[in-house]
Protein chains: 2
Amino acid sequence: MDEKMARGKISIVGCGLIGSYWGTLFASAGYNVCLYDISAEKIEAAKKLIEKKLRLLEIDDLLRGPGTASEQFKNVSSTLDLAECLAGSTYCQESTTESRQLKEEIFSKMDELASDDLILASSTSTIPASHFTERLKRRSQCLVSHPINPPLFIPLVEIVPSPWTSEDVVMRTCAIMRTIGQSPVRLQREIVGFALNRIQFAIIAEAWRLVKEGVLSPEDVDIVMKDGLGPRYAFYGPLGVMHMNANGLINALRTI
Amino acid sequence: MDEKMARGKISIVGCGLIGSYWGTLFASAGYNVCLYDISAEKIEAAKKLIEKKLRLLEIDDLLRGPGTASEQFKNVSSTLDLAECLAGSTYCQESTTESRQLKEEIFSKMDELASDDLILASSTSTIPASHFTERLKRRSQCLVSHPINPPLFIPLVEIVPSPWTSEDVVMRTCAIMRTIGQSPVRLQREIVGFALNRIQFAIIAEAWRLVKEGVLSPEDVDIVMKDGLGPRYAFYGPLGVMHMNANGLINALRTI
């Protein structure tokens, strides 16, 4: 148990599906996890989901830290008091509803309660941190840490600093993500859609063009990705694939 | 053995890497495979590769038809005579070098030798069938059947008819692909890049934009696909994912 305690305490603010998955990931890696929400019912539902997911990960041999699922679940606590949730924590993952106003409110409260070395990370998939942290005194401790659904099986996390996020906070967030087995990618600056959704929207735009031009049905577009590009990209990125094809392409060009 | 023989004979024209993979797939599914090339050395290399790949598929329990790898390999024959290769065959997969001139030459020869019910399919990834079959008397029997590398593990095959390919030939090609465990997608008409490369180039274009704008390094772009979108697309297509996200999006819009 000492080894686990050494990982420290993580605050989970907002206990919907994404907050629950974060709680599962951190607990699975051996952290002490403290759940916070304004709804006791949501906290109870999150606890049930975390316990269930830890057991499923255990069955598939996918737990990321030492101990059994039930030992890891013992390190999950909860509170309806935000100050208690943040106290003694080094990293806070906020996963409340996707609303700029709500993010402003919750980050303002966390700004008041946070210690000097607490990282305040948002799971938002659409709202840059600069839109809800500008007026905070601890704004250099705030950033976006965007998971990909379902985060228990898809390791990518987009780390998106605001213009005033400190480099140290970015580096420590990336390091924490690696300790739970996630794969952080650090964006150099805020852009609309971050990186993943930029690429995803380029794919969707081309997919709709193919459907609109009468080349493929929507179902067949999905098959092109599912049975074609998806399995390939699970092993190689788009630029990596270009290198794989380079020799064949060069040979082909030589015959023209 | 009778069950295997009932699958019929497949002609493989051109014994490079792609021809060898096609030979492996058809042999693995229980077809009689006849390899043709102008080079005896290429045929021997292809046979060695097919035997090796069948054994590897057997180890991973991925053989697609009845019998052992060595039983399946016994159904692989070869010839330096194109007429002998095509005789008695119902489907021919051409995988020669990616050159329009070469495709014109080989398809012209096959046109002379083919029976009424022989499908002449090209593995080309870039040249529409209309560019090398227009003047053939059997042009209605010709089409593109484009595999994705590595075809032993990525099931997608793009079926691209020319304006004069008969509907019956398209349907039979799709059916044959299903018998070997591949996943055919039928394009309604010829377009540059077919469907897979159209989507792939949209991804590459967006990837380069992200690099050019200084948002991500090339290495990190590859991580976004490898650890993020790739595993997701191995299960769901881009339009399927949109439906998965729909409830969350609607809920988010309600809060604005």
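Letters A, B, ... are given to chains in the order of the sequence lines, protein chains preceding strands, and every chain is numbered from 1.
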Could you report the tightest heavy-atom contact between [X] and [Y], atom names first, then the distance?
X	Y	result
Gly214(A)	Gln188(B)	O-CB, 3.0 Å
Phe235(B)	Lys226(A)	O-CD, 3.1 Å
Ile154(A)	Gly228(B)	CG2-O, 3.4 Å
Ala207(B)	Pro238(A)	CB-CG, 4.5 Å

Just by distance, do the side chain of [X] and the backbone of [Y] share a donor-acceptor pair under 3.5 Å?
X	Y	value
Arg189(A)	Val215(B)	no
Asp227(A)	Pro155(B)	no
Asp222(A)	Gly240(B)	yes

Quiz item: Tell me, side chain or backbone of Glu213(B) under 4.5 Å from chain A's heavy atoms, or both, or neither?
Solution: both
Practice problem: Check the pair Arg232(B), Gln200(A) against side chain to side chain contact (heavy atoms under 4.5 Å, CB included), reporting the backbone distance first and the verdict last. | Solution: CA-CA 11 Å; Arg232(B) 179 190 275 182; Gln200(A) 195 162 230; 2.8 Å; yes
Exercise. Please report the C-alpha distance between Leu196(B) and Met225(A) in whole Å, then the side-chain angles of each, then the deciding distance to 0.1 Å, and finally whether the side chain to side chain contact (heavy atoms under 4.5 Å, CB included) criterion is met.
Key: CA-CA 8 Å; Leu196(B) 178 122; Met225(A) 295 302 289; over 6 Å; no
Exercise. Tell me, with the steps shown, if Leu229(A) and Ile199(B) meet side chain to side chain contact (heavy atoms under 4.5 Å, CB included).
Key: CA-CA 9 Å; Leu229(A) 288 173; Ile199(B) 293 174; 3.8 Å; yes
Select, from [options], the one with the greatest count of heavy-atom pairs under 4.5 Å involving chain A.
options	answer
Asp220(B), Val211(B), Val221(B), Val160(B)	Asp220(B)
Glu158(B), Arg186(B), Arg198(B)	Arg198(B)
Ile203(B), Ile223(B), Ile148(B)	Ile203(B)

Exercise. Under 4.5 Å heavy-atom distance to chain B, tell me which part of Glu190(A) shows up: side chain, backbone, both or neither.
Key: neither
Practice problem: Please state whether the side chain, the backbone, both or neither of Leu210(A) comes within less than 4.5 Å of a heavy atom of chain B. | Solution: side chain
Self-check item: Enclosure of Leu56(B) CG (heavy-atom neighbours >12, cutoff 6.0 Å)
Solution: yes
Only pairs under 3.5 Å count here: list side-chain donor-acceptor contacts from residues 13-24 of chain A, not counting sequence neighbours, and write none if there are none.
residue, atom, partner, partner atom, Å
Ser20(A), OG, Gly16(A), O, 2.7
Trp22(A), NE1, Ser123(A), OG, 2.9
Thr24(A), OG1, Ser20(A), O, 2.8

Self-check item: Listed partners of Tyr233(A) passing ring-ring contact (aromatic ring centres under 6.0 Å, His included), at least two apart
Solution: none
Practice problem: With rounding to the nearest 0.5 Å, note down the distance linking CZ in Phe194(B) to CG in Leu216(A). | Solution: 12.0 Å
